[in-house]
Novice: 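What follows is a single structure, and I will ask about it in a moment.
We use all heavy atoms of the structure for the numbers below, so side chains are in, but hydrogens, waters and symmetry mates are not. Throughout, a chain's letter reflects where its sequence line sits, starting with A, and its residues are numbered from 1.
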Number of protein chains: 2
Amino acid sequence: MFSKACEYGLRATIYIAEQSLSGRKTSLKEIAGSIASPESFTSKILQQLSRSEIIHSDKGPTGGFSMNPHQLETVKLSSIVAAIDGDHIYKGCGLGLEQCNEKKPCPLHDQFKGIRDELKSMLETTSVKELALGLKGGLTMLKR
Amino acid sequence: MFSKACEYGLRATIYIAEQSLSGRKTSLKEIAGSIASPESFTSKILQQLSRSEIIHSDKGPTGGFSMNPHQLETVKLSSIVAAIDGDHIYKGCGLGLEQCNEKKPCPLHDQFKGIRDELKSMLETTSVKELALGLKGGLTMLKR
DNA sequence: ATAATAATGGATAAATTTATCCATTATTAT
DNA sequence: ATAATAATGGATAAATTTATCCATTATTAT
Ligand code: FES
Ligand code: FES
């Protein structure tokens, strides 16, 4: 469904959100450890998220990653997926035609569009914060 | 969503079904031309589909690919996706955890499961034949 | 039997994604 | 100023996916 990079990005952001909700900054090391992802690869992804203003980063001692109140309030999963995987999943044709086109649909268009649009709307309406709250409450987990 | 191999496999199978419904065998060359896919890569995929008994192939002159009445009647999209991409898309965790687990869910589980299951059921209920009929009727297309 | 034809299968190559390494930059505390 | 710390960014490497090439096999028609 999503690329590895995107999966790590989603998990990392949810973890950072949880920590921020508890008033803590967190480091690359701690994040990678908490979501079971390769540290240096995760670093690249956090850089992308930081440049996309989805998370915030500080250098130096006492530095680390965090989300500010505005980010916690506004960031939806769709922003993360778009930043890392692009919008192919939202707009792409299920059979891989160059672009999806209502007027010249592929044979799967009718059946596929509904599901693709539901996925889109789920990602657009689900906030990182609400998922972080489930994590915080111990109801859910980010690694096996 | 699906791998390139799987997209080609779906398009190829729908094309073969259309031809078989019209009583024609079709060759690798014709298939690749009709679905705009790389010929030799498509060949590998057709081999997989043939081994999985999703399509039928004949060697030699007058040879080619086709679907027999039984295949036309029973093959669903889910068989093709399973044969090429495996069952990850049906069973996998949206956040990439090793396995999806109701009892120890990831934060996205509740929102994701519904969509994943809908996709699964769409693929399991949609037959290649019905998509081929739309193609045949000129309502849909397999390349841009 | 022979030639022609079309799929098959094995060996590679190219492209992309995933992952690692390490020097540099910014920041903090002493 | 200096040392310590943590993110950044660039250069690569490993792994996987996508793609190509070509000799072999099976089949058909002559
Ligand atoms: S054209 Fe294929 S999904 Fe719309
Ligand atoms: S545990 Fe992640 S989708 Fe079920």
Novice: Any ion pair linking A/K113 and A/E102 (charged N to carboxylate O, less than 4.0 Å)?
Specialist: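 Salt bridge between A/E102 and A/K113, a charged N being under 4.0 Å from a carboxylate O: yes.
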
Novice: Could you say whether B/K44 or A/G64 is positioned toward the 5' end of DNA chain D, judged by the nucleotide with the nearest heavy atom to each?
Specialist: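 Checking each residue's closest nucleotide, the 5'-ward one belongs to A/G64.
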
Novice: Atom CD1 of A/I16 and atom C1' of D/dA6: how far apart are they, to the nearest Å?
Specialist: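 Taking CD1 of A/I16 and C1' of D/dA6, I get 14 Å after rounding.
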
Novice: Heavy atoms only, 4.0 Å cut-off, all strands: where does B/T62 land among base, sugar-phosphate and nothing?
Specialist: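 The answer is sugar-phosphate, as B/T62 gets under 4.0 Å only of primed atoms, P, OP1 or OP2.
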
Novice: Dot-bracket for DNA chain D, please. Rules: Watson-Crick or G-U, both distances under 3.5 Å, ( ) within the strand, [ ] when a pair crosses earlier ones, | for another strand, . otherwise.
Specialist: ||||||||||||||||||||||||||||||

Novice: Looking only at side-chain N and O atoms, does B/Y8 come under 4.0 Å of OP1 or OP2 in D/dA19?
Specialist: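 Yes.
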
Novice: Classify the nucleic acid contact of B/S3 as base, sugar-phosphate or nothing, counting any heavy atom under 4.0 Å across all strands shown.
Specialist: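 Sugar-phosphate: the residue B/S3, judged by heavy atoms under 4.0 Å, touches backbone atoms but no base.
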
Novice: OP1 or OP2 of D/dG9 less than 4.0 angstrom from a side-chain nitrogen or oxygen of A/Q47, does that happen here?
Specialist: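 So the side-chain polar atoms of A/Q47 do come within 4.0 Å of the phosphate oxygens OP1 or OP2 of D/dG9, strictly under.
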
Novice: Return the 5'-most residue of the pair B/L46, A/P61 with respect to DNA chain C, ranking by each residue's nearest nucleotide.
Specialist: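 Nearer the 5' end of the strand: B/L46.
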
Novice: Using atom types as modelled and distance alone, determine if a side-chain donor or acceptor of A/S27 lies under 3.5 Å from a backbone N or O of A/E30.
Specialist: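 Judged by distance alone, yes, a pair lies under 3.5 Å.
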
Novice: May I have the distance from B/F2 (atom CZ) to D/dT18 (atom C1'), rounded to whole angstrom?
Specialist: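 Going from CZ in B/F2 over to C1' in D/dT18 covers 18 Å.
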
Novice: Round to the nearest Å and state the distance from B/R24 atom CZ to C/dA6 atom P.
Specialist: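 The answer, rounded to whole Å, is 16 Å.
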
Novice: Could you check A/D58 against A/C6 and say which one's nearest nucleotide on DNA chain C is further toward the 5' end?
Specialist: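 Here A/C6 is the residue nearer the 5' end.
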
Novice: Is there a donor-acceptor pair under 3.5 Å between the side chain of B/Q71 and the backbone N or O of B/N68?
Specialist: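 Yes; judged by distance alone, with no hydrogens or angles, the pair exists.
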
Novice: Side chain of A/K59 only, heavy atoms from C-beta on: which candidate in C/dA7, D/dT27, C/dA26 is closest?
Specialist: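 Nucleotide nearest to A/K59's side chain: C/dA26.
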
Novice: Indicate whether OP1 or OP2 belonging to D/dT8 is found under 4.0 Å from a side-chain N or O atom of A/S57.
Specialist: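 For D/dT8, OP1 or OP2 has a side-chain N or O of A/S57 closer than 4.0 Å.
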
Novice: Whole angstroms only, please: what is the NE2-P distance between B/H88 and D/dT16?
Specialist: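 These atoms are roughly 15 Å apart.
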
Novice: Rounded to the Å, how far apart are A/F41 CZ and D/dG10 P?
Specialist: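 Between P of D/dG10 and CZ of A/F41: 17 Å.
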
Novice: Name the orientation class of the two ring planes belonging to B/F112 and A/F2 (parallel below 30°, tilted from 30 to 60°, perpendicular beyond 60°).
Specialist: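 Correct class here is tilted.
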
Novice: Touch check for B/S27, heavy atoms < 4.0 angstrom, all strands: base, sugar-phosphate only, or nothing?
Specialist: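 Sugar-phosphate contact only.
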
Novice: Between the base of D/dT18 and the side chain of B/K4, is one N or O donor paired with an acceptor at under 3.5 angstrom?
Specialist: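 No pair found.
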
Novice: Without decimals, in angstroms, what is the distance between A/K29 NZ and C/dT20 C1'?
Specialist: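 Nearest whole value for this atom pair: 14 Å.
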
Novice: Without decimals, in angstroms, what is the distance between B/K25 NZ and D/dA26 P?
Specialist: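 Rounding to the nearest Å, NZ of B/K25 and P of D/dA26 are 17 Å apart.
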
Novice: Could you tell me whether the side chain of B/R11 and the main chain of A/L95 form a donor-acceptor pair under 3.5 Å?
Specialist: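 Present.
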
Novice: In whole angstrom, give the distance that lies between atom CD of B/E39 and atom P of D/dC22.
Specialist: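 Whole-Å distance recorded here is 14 Å.
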
Novice: Please round to the nearest 0.5 Å and tell me the distance separating atom OG of A/S34 and atom CE of A/M141.
Specialist: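 The distance works out to 12.0 Å.
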
Novice: Check for a donor-acceptor pair, side chain of B/E39 on one end and backbone N or O of B/L28 on the other, with a separation under 3.5 Å.
Specialist: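 Between the backbone of B/L28 and the side chain of B/E39 there is no qualifying donor-acceptor contact (under 3.5 Å).
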
Novice: Do the side chain of B/S22 and the main chain of B/E18 share a donor and acceptor less than 3.5 angstrom apart?
Specialist: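 The answer is yes, because a donor-acceptor pair under 3.5 Å joins these two groups.
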
Novice: Check whether any side-chain nitrogen or oxygen of B/R51 sits under 4.0 Å from OP1 or OP2 of C/dG9, and answer yes or no.
Specialist: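 For C/dG9, OP1/OP2 do have a side-chain N/O of B/R51 under 4.0 Å.
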
